[in-house]
Amino acid sequence: MQGKIVKVSGPLIVAENMAFVKMYDVVKVGENGLIGEVIELRGDKASIQVYEETSGLAVGDKVESTFDALSVELAPGLIEGIFDGIQRPLDKMVAKYGDRIRRGMKIDNLDHEKLWEFVPTAKVGDKVTNGDQLGFVQETSIVKHIIMVPFGVEGVVESIEKGEHTIVDQIATIKTDKGLVPVKMLTRWPVRKARPYAQKQSPLSPMITGQRVIDTLFPIAKGGVAAVPGPFGSGKTVVQHQLAKWADAEIIVYVGCGERGNEMTDVLNEFPQLNDPKTGEPLMRRTVLIANTSDMPVAAREASIYTGITIAEYFRDMGYNVAIMADSTSRWAEALREISGRLEEMPGDEGYPAYLSSRLAEFYERAGTVRTLGSNESFGSVTAIGAVSPPGGDLSEPVSQATLRIVKVFWGLSANLAYRRHFPAIDWLISYSLYADRLKPWFDENVGEDFMTLRAFIMNILQEEANLDEIVRLVGMDALSYKDRMTMETAKMIREDYLHQNAFHETDTYTSLDKQYRMLKLIKAFYDLGNQAVADYADFDKIINCPAKERIGRAKYLEESNLQEFDEIERQLTEQLKALSTGDN
């Protein structure tokens with residue numbers, strides 16, 4: 001059965017005689033069999049978004065349905081993979097077709113010929129159900145790829161074969177009520193359908209990123225959702241790169257959704273050279289890249305986020321903590337706007353479709369910490385972090401506002417901070433984390449009972465600085481009392497010595513929670529001892545220029561193996577400021 005094209009409008013075509021298709025069926029368009037997806041049905045006419053260049057298509061060209069939804073292949077071979085928005089492997093496309101993506105290319109999403117060493121963990125006679133582990137493949141030196149019982153299958157293991165297999169070989173059979181079911185390592189899953197789980201849990205532990213402004217002031221939970229909005233040049237991509245490099249998620253899915261090609265090139269060049277701080281192995285060995293840059297077809301940009309979140313859910317179901325970075329959801333929303341405009345739908349704010357908020361919510365709601373399917377109690381999580389690129393940094397535009405209504409962590413980037421070369425340029429006056437109170441018990445138990453108290457102290461000092469700053473600009477610093485000047489000096493320390501972090505410095509790029517805690521205690525000690533010295537009428541200039549204060553400023557460059565030096569700095573600070581208080585100077 002086939003229909004024929006009656007209209008071509010950029011990435012959107014309209015075909016008639018299509019009564020046999022369903023919504024979201026994948027179709028093949030024209031003589032080259034271009035990949036498309038049905039996104040609207042009116043009578044026997046179907047509107048189809050085509051994921052390839054549509055030039056050359058003409059009225060009357062044939063359209064054939066595959067009767068399958070747009071799906072991804074899930075099997076060993078995903079890790080270290082570099083795919084486009086509909087999971088075509090870019091490295092294999094280059095090897096087979098050259099540097100430019102050609103229309104109608106036929107290539108397997110994953111390698112169907114490579115042999116993998118399958119190690120069974122289930123035995124013949126074992127009763128298994130959805131999500132149970134049958135065995136594993138050591139996909140990389142870091143990632144053990146769990147082979148699970150396919151969704152909808154429940155029964156007894158009839159046979160299972162150890163050894164080298166391709167992903168399309170039969171590795172086991174399961175006897176069910178309906179007969180024998182062959183099992184392969186390869187499964188397929190429709191990208192627009194969330195993968196099932198047993199139960200969703202409240203996230204109770206933080207995702208440690210090593211970025212001080214995030215971990216201390218605006219933490220994100222494992223299984224949480226965050227947005228990184230900011231104007232051009234404020235550092236959104238660098239923040240996401242840092243999170244992808246250093247966050248303690250076990251699997252990273254990085255989706256370059258409509259951003260410039262050079263940004264994805266940076267990722268491709270950097271990640272193989274960077275080592276995972278926990279394992280010492282290259283970061284690519286736990287990373288999946290979806291590269292759908294701005295010069296690729298706009299319709300594939302819309303699909304790329306769903307491709308990424310489906311792969312993330314697949315590894316979550318194995319019991320892994322997964323982080324997905326979407327850079328950026330604004331470009332994804334622009335793809336929605338273009339397709340919606342060509343469908344002649346009623347536009348919402350600024351031409352975006354009226355369903356923008358619900359589509360964003362559908363994406364972010366697929367994040368979370370879950371108890372996975374299977375007879376053994378296992379937990380996994382997907383943490384979703386989306387960059388937002390509002391034109392001119394205007395956070396009142398529709399994509400930013402729709403995102404703010406959904407996410408629980410807001411890392412608002414400031415152009416002013418970026419212009420002052422303060423990175424990460426996360427503005428502490430507009431950012432927030434709704435997970436902070438929920439994560440307090442974890443920080444109390446694993447970092448220090450006063451860690452959240454120190455966090456509150458930092459936030460209060462920065463807020464007081466913002467209030468005093470207006471006075472300083474009007475009448476100068478000398479008009480302030482010494483106590484207020486101590487607040488301003490402490491705020492300057494917090495900004496320059498703690499929140500400012502150099503992503504390109506070997507030591508400063510990552511800070512453990514233990515080191516963050518020690519740095520915070522030093523700053524608090526300076527504030528308390530300094531105020532005591534002020535109360536004892538000590539010379540203010542000597543207080544703020546004491547030698548130990550300079551050592552606090554350099555403390556962020558101390559190696560993680562040399563944290564005992566913080567005790568020496570605190571001892572020196574205490575001696576010097578107490579000496580000023582008693583006049584022994």
Side-chain angles (χ1 to χ4, degrees), residues 206-249 252-260 263-264 266-267 290 304-305 308-309 312 322-334 360-361 363-364 367 382-419 422-436 499-501 503 509-510:
M207 186 175 77
I208 308 304
T209 67
Q211 311 308 299
R212 294 187 289 268
V213 65
I214 292 175
D215 291 344
T216 301
L217 299 187
F218 312 111
I220 181 172
K222 285 180 179 173
V225 290
V228 193
F232 176 80
S234 59
K236 295 184 296 298
T237 300
V238 173
V239 168
Q240 290 216 319
H241 285 196
Q242 285 295 95
L243 296 176
K245 292 171 191 174
W246 305 116
D248 66 345
I252 300 293
V253 180
Y254 192 97
V255 183
C257 176
E259 288 299 307
R260 293 174 297 281
E263 294 182 355
M264 285 306 300
D266 288 344
V267 175
I290 311 292
S304 60
I305 276 186
I309 196 74
V322 186
I324 177 170
M325 317 291 169
D327 187 14
S328 81
T329 55
S330 292
R331 305 286 176 261
W332 171 78
E334 286 169 7
L360 274 170
F363 167 69
Y364 283 112
V382 173
T383 306
I385 299 163
V388 185
S389 309
D394 178 15
L395 296 180
S396 65
E397 59 90 36
V399 181
S400 299
Q401 288 300 306
T403 304
L404 280 173
R405 287 193 287 269
I406 299 162
V407 300
K408 288 183 168 57
V409 178
F410 176 74
W411 297 320
L413 299 180
S414 163
N416 289 333
L417 289 175
Y419 293 151
H422 179 107
F423 292 103
I426 295 175
D427 190 335
W428 46 85
L429 297 177
I430 64 171
S431 301
Y432 61 82
S433 170
L434 300 182
Y435 294 116
L499 297 182
H500 181 276
Q501 192 165 355
T509 186
Y510 178 88

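In what follows, every heavy atom counts, from backbone to side chain, and hydrogens, waters and symmetry copies are set aside.
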**OP:** Return the set of residues passing ring pair (Phe, Tyr, Trp, His ring centres under 6.0 Å) with Tyr432 (not counting sequence neighbours), or none when no residue passes.
**Re:** Phe410
Original post:
Got a second to check how far Met207's CE is from Thr383's OG1, nearest 0.5 Å?
Top reply: 5.0 Å
Original post:
By side-chain contact (heavy atoms from CB on, under 4.5 Å), which residues pair with Ala226, not counting sequence neighbours?
Top reply: Ile220, Ile385, Val409, Trp411
**OP:** State, to 0.1 Å, how close Ala402 and Leu360 come at their nearest heavy-atom pair, and which atoms those are.
**Re:** CB-CD1, 3.6 Å
Subject >> Heavy-atom side-chain proximity of Val399 to Trp332 below 4.5 angstrom >> reply: no
**OP:** Write out all pairs satisfying salt bridge (charged side-chain N to carboxylate O under 4.0 Å, His left out) with one or both partners inside residues 218-229, taking only residues at least two apart or from two chains.
**Re:** Lys222-Asp248
Original post:
So how far is it from Ile324 CD1 to Leu243 CG, rounded to the nearest 0.5 Å?
Top reply: 13.5 Å
**OP:** Please name all residues satisfying side-chain contact (heavy atoms from CB on, under 4.5 Å) with Pro398, sequence neighbours left out, ordered by chain then number.
**Re:** Asp349, Glu350, Tyr352, Leu356
Subject >> salt bridge (charged side-chain N to carboxylate O under 4.0 Å, His left out) contacts in which one or both residues fall within residues 390-404, not counting sequence neighbours >> reply: none
**OP:** Specify the closest pair of heavy atoms between Ser431 and Gly412, including all atoms of both residues, with the distance to one decimal.
**Re:** OG-N, 2.9 Å
**OP:** For residues 400-415, pull every pair meeting salt bridge (charged side-chain N to carboxylate O under 4.0 Å, His left out), keeping only residues two or more places apart or in separate chains.
**Re:** none
Original post:
Which atoms form the tightest heavy-atom contact between Ala436 and Pro219, and what is the distance?
Top reply: CA-CG, 4.2 Å
Subject >> Partners passing side-chain contact (heavy atoms from CB on, under 4.5 Å) against Ala221 (at least two apart in sequence or in another chain) >> reply: Pro203, Tyr435, Leu439
Original post:
Would you call the rings of His241 and Tyr254 parallel, tilted or perpendicular, where under 30° means parallel and over 60° means perpendicular?
Top reply: perpendicular
**OP:** Can you sort out the partners of His422 under ring pair (Phe, Tyr, Trp, His ring centres under 6.0 Å), two or more places apart, ordered by chain and number?
**Re:** Trp428, His500
Original post:
Taking atom OH of Tyr364 and atom OG1 of Thr403, what is their separation to the nearest 0.5 Å?
Top reply: 5.0 Å
Subject >> Pair Gln242, Thr209: side-chain N/O donor-acceptor within cut-off below 3.5 Å >> reply: no
Subject >> For Ser414, all residues meeting side-chain contact (heavy atoms from CB on, under 4.5 Å), sequence neighbours excluded >> reply: Asn416, Leu417, Asp427
Original post:
Does Ser234 have any side-chain hydrogen bond (donor to acceptor under 3.5 Å, both in side chains) partners at least two apart in sequence or in another chain, and if so, which?
Top reply: none
**OP:** Can you see which heavy atom on Asp327 is nearest to which on Ala387, and at what distance?
**Re:** OD1-CB, 3.6 Å
Original post:
How about Gln501 and Val213: do any of their side-chain heavy atoms sit closer than 4.5 Å?
Top reply: no
Subject >> Phe218 and Ile426, any side-chain heavy atoms less than 4.5 Å apart >> reply: yes
Original post:
Among all residues two or more places apart in sequence or in another chain, which pass the side-chain hydrogen bond (donor to acceptor under 3.5 Å, both in side chains) test with Ser389?
Top reply: Ser328
Subject >> Backbone of Tyr510 reached by a side-chain donor or acceptor of Gln211 within 3.5 Å >> reply: no
**OP:** Mind listing the closest non-hydrogen atom pair of Lys236 and Gly230 along with its distance?
**Re:** NZ-O, 3.0 Å
Original post:
Pick from Val388, Val228, Val255: which one makes a side-chain contact (heavy atoms from CB on, under 4.5 Å) with Thr329?
Top reply: Val388
Original post:
Got a sec, which residues hit salt bridge (Lys or Arg N to Asp or Glu O under 4.0 Å) with Arg212, two or more places apart in sequence or on another chain?
Top reply: Asp508
Subject >> Atom of Val382, atom of Ala312 and distance for their closest heavy-atom approach >> reply: CG2-O, 3.7 Å
Original post:
Would you say Pro229 and Leu395 make side-chain contact, with heavy atoms under 4.5 Å?
Top reply: yes
Subject >> Gap separating the CD1 atom of Ile290 from the CD1 atom of Ile305, nearest 0.5 angstrom >> reply: 11.0 Å
